[in-house]
Amino acid sequence: MKPLGIDEDFDSAVLNIAIDTIRIGKQALIFVNTKKSAEKTAEEISKKLKSENEVLDSLSESALSSLSKPTKQCERLAYCLKKGIAFHHAGLVQKQKDIIEDNFRNGIIKIICCTPTLAYGVDLPAFRAIIKDLKRYTVHGLSWIPVLDYMQMSGRAGRPNYDNEGQSITIAISNSEKEKIEERYVNGAPEEIYSKLAVEPVLRTYVLSLIAANFITAKKDLFDFFDKTFYAHQFKDLRRLHSIISKVIDMLEEWEFIMVSGDGDFASANELKEQKFKATLIGKRVAELYIDPLTANFMITCLRNASDKKLDAFSFLQMASHTLEIRPMLKVGLREHDKIQESMLEFSDFILENEPSMYEPEYEEFLNSVKTAIMFNSWINEQDEQFLLEEYNIRPGELRAKIDIADWLLYSAEEISKIMHYQYLVKEIVKLRLRLKYGVKEELLPLVRLENIGRVRARILFRNRIRDIKDAKNADLSTLTQLLGEKIALGVKKQLGQEEPEVPENKRKGQISLRDWDG
DNA sequence: GGACGGTGAAACTTCAGGTTGCCTC
DNA sequence: GAAGTTTCACCGTCC
C-alpha cells in the first residue's frame, strides 16, 4: 500500500515519529498509559492523514458494527481505522481486537496506539515500539514503570523474518530526563521476581484445594509442602509462613469447609501437634469451583439470609458484585455519590448481605458494589452499551469481561445453593445467568434460546406479539422475514422443525434443544 | 436590561491489565 | 503528576 498523505511537522514528538513511520512504509506500536490517551493519540494521528482506501473502509465498517448498536468508542475506532490507525485496550470487544491485530499483522494497519495490553500475551511485533509514557499512576502517585514492563514493550520492536532491525523509542522532555531514562531503562537491570504466595487470598484457595484433593491430611504435611515452595526458598521466613497457614486453617474450619481433628469431631484424634484435616462436602465443592473461600463464605451467608428477604435479580447481582473476584468494581465518583446512595435505598430491601453502616470503612466498597450491581441490572433490563458507557463509564470490552466473571460466580452460587438444598434459589439464579448472558428482561428468555436471536431481534419479535416458541411456530414465514430478514427467518423456522423436515443439528453452544424446552 | 454564546482560566477528576476458575446440550 | 473534563467568570453581541 502507498504511504498516506502527510502534512508538515508537528509540535508533538509522538505525532512526528508516527507520521515518519508511515512515510517510510513501516509499522509502529505506541504505548501510552491510559485508555483515553490511547484513543486520543490515535485520533490525533488520524486527523493528519488522508485516505481513500476500500480495504480500510471495510475494516472501519466492521469495527462499527461489532455491537448491536455502535458506541462512541466504536465510532472513534472506525474513524481511525479509515486512516489505517487504531487504538487497542481492554475496553474493546474481542471482535474489534481481532480486526486490529489481524490487520496489523498483514500490514494494512500502520499504527496502533495501545495500553500495555499488547506488550503481554498478544504476539504483535512492529518495526518501531514507541513508549510514550514511562510513568504510570500508582497509589503513591505517578511513578516510573518497572524495567520489566519497559523490556516487554521495547521487545515488540523488530519483526523476525521481516525486519533486520527494530527500533524502540522513548520520549524525554529534557536532557536530564533523557539521562535518567538511559540509566534506568536502557542500561538498567530488570527487577527481581518475588513470590506472592504468602498472601491470604492465595493461601486460602490453595490450602483448601490441597486438603479437598486429599493430597494433604495433616498439618505437618501442609507445612512441609509450603516449605518447599519458591516463597520459602526466597524469604526463608518459615515462621511467618506457618503462622499465616495456621490462620488460614482456622478460618477454613470456622467456615465449615474443613474439619480438624482434635476438635471432638474425629474419634481417632491424635495429639494436637498431629492435627488432621478433612474437607467437608461443601468445602470440596468450593475447592472445585476455584473461588476464594472467603467469597464462598460470603455467598453462603447471603444465601442463608435470602429466606428473610424480598428476592430480585438485583439481590444476586449485588452479591456477585461484592467479591474479590469481580474487582475492580465500578467506582462511585464524588458527584454521583448521592445518586448511588439514593438508588441503594430503593434496592435496600433486596440486598442479601448485612449492610455496613455509613460510618464503617467498608461502606465505600459497599457503595461501589451497589453501583456495579446497578450497572449489571441496567444491562439485564436491556440498556445498550452506549448507555452503560456514558452512565457508568464502563466500556463494552470491560462489560463482557465482568459479565463473564459474574456468570462464574453465579454458577458457583447455584452449586452452593444445591448443596444447601435451596432449590428455590437455584431456579432464580439459573434464570438470572441467562438474562445476564443475553442482556435481556425475563420476558425475552424463551426467544433468545433460538440461534441467531439475541437481545435486539428478540425484542423486535416480542414487540410484534411473537413472545415465545409457540408464537414463533404460529407466525408465518413472511412475517418473520419482514421482522428478521430472510436468512434469519428461515433459520428460525428450521430450528422450530418447520419448513425443513430434519431436526437441526448444529445447535449453538450452550443451547438446549427446543424439544426439551416447554417454557 | 437581559438572554445568549464564546473564551480561557481555574478547579476538579481520573488514571493498565487479565489468568484461571465451572459446566453443558 | 498530568491529561482531560467540567465549571465559572468575564466579555461582547444581539434583540
Side-chain angles (χ1 to χ4, degrees), chain A residues 12 14 31-41 43-44 87-92 94 97 113-122 131-146 148-150 152-153 173 177 196 201-202 204-206 208-209 212 284-293 295-296 299 320 323-328 330-337 390 393-395 397-398 400-402 404-416 418 426 429-430 433-434 437 449 451 495 503-517:
Chain A
S12 145
V14 169
F31 292 98
V32 298
N33 61 9
T34 65
K35 296 199 257 297
K36 234 175 218 164
S37 163
E39 293 181 18
K40 193 163 178 263
T41 311
E43 199 174 50
E44 262 165 18
F87 55 83
H88 190 291
H89 55 59
L92 297 181
Q94 193 55 47
K97 289 187 198 169
C113 302
C114 57
T115 53
T117 10
L118 283 190
Y120 297 88
V122 191
I131 303 158
K132 187 183 167 209
D133 299 315
L134 280 167
K135 287 183 175 173
R136 200 174 295 155
Y137 174 81
T138 65
V139 274
H140 318 292
L142 216 58
S143 43
W144 293 101
I145 62 168
L148 274 171
D149 284 12
Y150 165 80
Q152 268 300 339
M153 294 190 276
I173 50 162
E177 197 179 82
K196 288 181 182 153
V202 178
R204 281 196 294 255
T205 308
Y206 286 109
L208 180 60
S209 70
K284 270 200 180 117
R285 197 70 188 107
V286 168
E288 282 166 6
L289 293 165
Y290 216 82
I291 49 176
D292 183 345
T295 297
M299 294 207 289
T323 60
L324 287 178
E325 285 84 349
I326 204 91
R327 288 206 293 196
L330 300 187
K331 245 175 84 185
V332 177
L334 282 173
R335 283 190 200 123
E336 39 176 16
H337 204 270
E390 271 174 20
N393 192 26
I394 187 166
R395 294 171 164 85
E398 298 164 308
R400 294 295 146 84
K402 287 252 179 299
D404 230 39
I405 297 171
D407 182 63
W408 161 46
L409 288 165
L410 289 171
Y411 172 76
S412 301
E414 189 185 317
E415 292 300 296
I416 291 171
K418 280 182 194 162
V426 174
I429 298 173
V430 169
R433 285 182 63 207
L434 276 170
K437 182 175 171 191
R449 290 179 180 245
E451 194 174 343
Q495 290 175 72
V503 181
E505 277 185 334
N506 51 341
K507 283 178 294 177
R508 187 166 36 171
K509 212 177 162 216
Q511 197 162 36
I512 66 159
S513 162
L514 289 165
R515 284 169 300 172
D516 306 329
W517 172 247

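If you're wondering where the values come from, they're calculated on a predicted model, not measured in any experiment. Labels below follow one simple rule: chain letters A, B, ... track the order of the sequence lines, proteins then strands, and each chain is numbered from 1.
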Considering residues at least two apart in sequence or located in another chain, which fulfil the ring pair (Phe, Tyr, Trp, His ring centres under 6.0 Å) criterion with A:H88? none
If the condition is side chain to side chain donor-acceptor pair (under 3.5 Å), which residues does A:N33 pass it with, not counting sequence neighbours? none
Sticking with atom P, work out how far C:dG4 lies from B:dA16, rounded to a whole angstrom. 12 Å
Quick one: A:D407 CG to B:dT24 P, roughly how many Å, whole number? 13 Å
Provide, to the nearest angstrom, the distance between the OH atom belonging to A:Y206 and the P atom belonging to B:dT20. 12 Å
Reading DNA chain C 5' to 3', which nucleotide is the first, and which the last, to come under 4.0 Å of any heavy atom in chain A? C:dG1 to C:dT6
Can you name the residues that form a side chain to side chain donor-acceptor pair (under 3.5 Å) with A:D407, not counting sequence neighbours? A:R433
Between N or O atoms, less than 3.5 Å apart, protein on one side and nucleotides 11-13 of chain B on the other: list the pairs.
none

Looking across every strand, which nucleic acid part, if any, lies under 4.0 Å from A:E288 by heavy atom: base, sugar-phosphate, or nothing? sugar-phosphate
Between A:E44 and A:K40 (salt bridge meaning N to carboxylate O under 4.0 Å), is one present in this structure? yes
Rounded distance in Å - CD1 (A:I429) to P (B:dT24): 17 Å
What residues form a side chain to side chain donor-acceptor pair (under 3.5 Å) with A:T34, not counting sequence neighbours? none
Holding to ring pair (Phe, Tyr, Trp, His ring centres under 6.0 Å), I want the full list of residues that pass it with A:F31, two or more places apart in sequence or in another chain. none
For A:E325 and B:dC22, what is the distance between atoms CD and P respectively, to the nearest whole Å? 13 Å
Approximate separation, where rounding is to 0.5 Å, of A:Q152 CD and A:L118 CG: 11.5 Å
Taken to the nearest whole Å, NZ/A:K196 to C1'/B:dT19 is 12 Å
My understanding is that a pair needs two contacts under 3.5 Å, Watson-Crick or G-U wobble. By that rule, which nucleotide pairs with B:dC12? C:dG4
Residue set satisfying side chain to side chain donor-acceptor pair (under 3.5 Å) with A:Q94, at least two apart, ordered chain then number -> A:D98
Using a 4.0 Å heavy-atom cut-off, does A:K135 contact any base of the nucleic acid, only the sugar-phosphate backbone, or nothing at all? nothing
Distances under 3.5 Å between nitrogen or oxygen atoms of protein and nucleotides 15-18 of chain B:
| residue | atom | partner | partner atom | Å |
| --- | --- | --- | --- | --- |
| B:dC15 | OP1 | A:N393 | ND2 | 3.4 |
| B:dA16 | OP1 | A:K35 | N | 3.1 |
| B:dA16 | O5' | A:N33 | O | 2.9 |
| B:dG17 | OP1 | A:A90 | N | 3.1 |
| B:dG17 | OP1 | A:T115 | OG1 | 2.9 |
| B:dG17 | OP2 | A:K35 | NZ | 2.6 |

Pairing residues for A:Y290 by the side-chain contact (heavy atoms from CB on, under 4.5 Å) criterion, not counting sequence neighbours: A:T205, A:Y206
side-chain contact (heavy atoms from CB on, under 4.5 Å) involving A:P201 - partner list, sequence neighbours excluded: A:V199, A:R204, A:D292, A:L324
Using side-chain contact (heavy atoms from CB on, under 4.5 Å) as the criterion, list what pairs up with A:A401, not counting sequence neighbours. none
